[in-house]
Amino acid sequence: MSTLTVKAYGAESTTADLKEMNIERRETTPKDVEIEILYCGVCHSDLHTARNDWGGSLYPVVPGHEIVGRITNVGSDVSKFKVGDLAAVGCMVDSCGHCDSCKQDLEQYCLNGFTGTYNGKDKHLGGHTFGGYSQKVVVDEHFVLSVPENLDLAAVAPLLCAGITTWSPLRHWNVGPNSKVAVVGLGGLGHMAIKLAKGLGADVTLFSRTPGKTEDAKQLGADHVVISTDDSQMDTVKGKFDLIIDTVPYEHDVNPYMQTLTLNGTLVLVGFVGEFSETEVSTRPMIFQRRSVAGSLIGGIAETQELLDFCGKHNIVSDIELIKMQDINQAYERMIKSDVKYRFVIDMQSL
């Protein structure tokens, strides 16, 4: 298969800084779309994969799965896009297409495993996929998304991961104007959860461990802030919430939050991947009030397009800090310290 060489930024090993390198992209096949990348969001998953925190990283790693750009070429069989269109690519670039999950537009739960935008199996060129820290990407049109023209393109990028990760549970649990939603954690995921839940008309509360985030939460759209370390405040919201979106990315005690769910309420984990080895989750509040602890991944392609269309209609985007590609290693260190409000986005013109 013919290829083209493009510039990218990636890591050669677990301990190496990201640096400029060349990678190969396939020439467009009949169903492919070629996109010049204008902006790419920076996700915690990028850092974890570059440093092999989860194991299984394939080097060189070129991260980036929050991609926004403009189409520069389309294959002969492409029907949904044309050259010059704005387009986006999220966390997936392929799936089997025929399992029960894929048939339900739930490609993120593909029973045969979806292909990640980076560190996935590249069935076209062999080896593994490379992400959006690069000049161009070539993707099957089914996994390409349309971007509303009225939105700030740089601030759209995090919608492709942080946005859809919080939108999917909001939609699955039917959040609307009569819903009471709480969000645990005010970071990249948490700030999008607040914006989107408010956009859907819900009454929104932020759970925070300290009072310092109250003003920021209110500016993002939160109606209330509850200090989770204050027992008296926690008592005032017992049995209140239909849905809690827990965005905390490390092991923590979910038991105090369970008491704040309504009958049939659900706490859904979207931030932490792993085992609660230190804290046991009590079944008592679940059994006696039919409460649930659930998990949720990203959304499928149809659901992600729904998100982008909703954001276009309601003018919702992420709060970002725009950086140059050459500043990515410093950005990773700042991200570890939560020193960003609330998502870094790379201006790919700098590459």
Side-chain angles (χ1 to χ4, degrees), residues 41 43 66 90 147-148 150-152 154-228 233-234 236-237 239-249 257 260-262 264-271 294 296 298-299 303-321 338 340-343 345:
C43 176
E66 299 176 350
V147 178
N150 61 299
L151 296 177
D152 177 347
V156 165
L159 299 180
L160 280 305
C161 181
I164 188 57
T165 297
T166 49
W167 176 258
S168 189
L170 289 169
R171 296 293 287 150
H172 180 75
W173 277 277
N174 299 311
V175 167
N178 295 320
S179 302
K180 289 181 169 58
V181 175
V183 177
V184 185
L186 187 60
L189 291 171
H191 96 287
M192 285 309 312
I194 290 172
K195 288 189 175 192
L196 293 171
K198 193 63 182 176
L200 288 166
D203 183 86
V204 184
T205 297
L206 173 71
F207 280 123
S208 177
R209 293 181 60 82
T210 59
K213 294 183 178 179
T214 299
E215 184 177 342
D216 288 345
K218 295 288 184 70
Q219 288 179 349
L220 291 166
D223 299 286
H224 320 281
V225 176
V226 172
I227 306 305
S228 59
Q233 289 195 34
M234 292 295 282
T236 66
V237 291
K240 177 177 180 179
F241 302 113
D242 305 298
L243 182 68
I244 299 174
I245 297 184
D246 187 331
T247 71
V248 176
Y257 305 113
T260 70
L261 288 170
T262 60
N264 298 319
T266 301
L267 182 148
V268 57
L269 297 158
V270 298
S296 182
I298 53 173
E303 194 171 49
T304 307
Q305 188 62 63
E306 176 192 62
L307 163 67
L308 291 172
D309 294 342
F310 179 87
C311 288
K313 181 178 179 181
H314 296 274
N315 199 32
I316 295 173
V317 290
S318 182
D319 286 19
I320 67 164
E321 180 178 334
S338 299
V340 57
K341 290 185 176 179
Y342 286 96
R343 206 76 164 187
V345 173

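For this chain, numbers begin at 1 and follow the sequence in order.
Taken to the nearest 0.5 Å, the CD1 atom of Ile245 stands 11.0 Å off from the OG1 atom of Thr266. To the nearest 0.5 Å, atoms CG (Leu186) and CD1 (Ile194) are separated by 5.0 Å. Rounded to the nearest 0.5 angstrom, Asp242 CG and Asn178 CG are separated by 9.0 Å. Rounded to the nearest 0.5 Å, atoms CE (Met234) and OG1 (Thr260) are 5.5 Å apart.
Heavy-atom minimum distance, Arg171 versus Glu306: NH2-OE2, 3.0 Å. Listed here is the closest heavy atom pair of Ala162 and Met192: O-CB, 4.0 Å. In this structure, Ile316 and Leu159 approach most closely via the heavy-atom pair O-CD1, 4.0 Å. The two residues Gln233 and Val225 come nearest to each other via the heavy atoms OE1-O, 4.0 Å. Smallest separation of non-hydrogen atoms from Pro169 and Val268: CB-CG1, 4.0 Å. Taking each heavy atom of Asp152 and Val317 in turn, the nearest pair found is O-CG1, 4.3 Å.
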What do the steps show when you test Ser318 against Glu66 for side chain to side chain contact (heavy atoms under 4.5 Å, CB included), and what is the final call?
CA-CA 12 Å; Ser318 182; Glu66 299 176 350; over 6 Å; no
I would like to know whether Phe310 and Leu200 meet side chain to side chain contact (heavy atoms under 4.5 Å, CB included); could you show each step before the answer?
CA-CA 9 Å; Phe310 179 87; Leu200 288 166; 3.9 Å; yes
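Using cut-offs of 30° and 60° for the angle between ring planes, the His191 and Tyr342 rings count as parallel.
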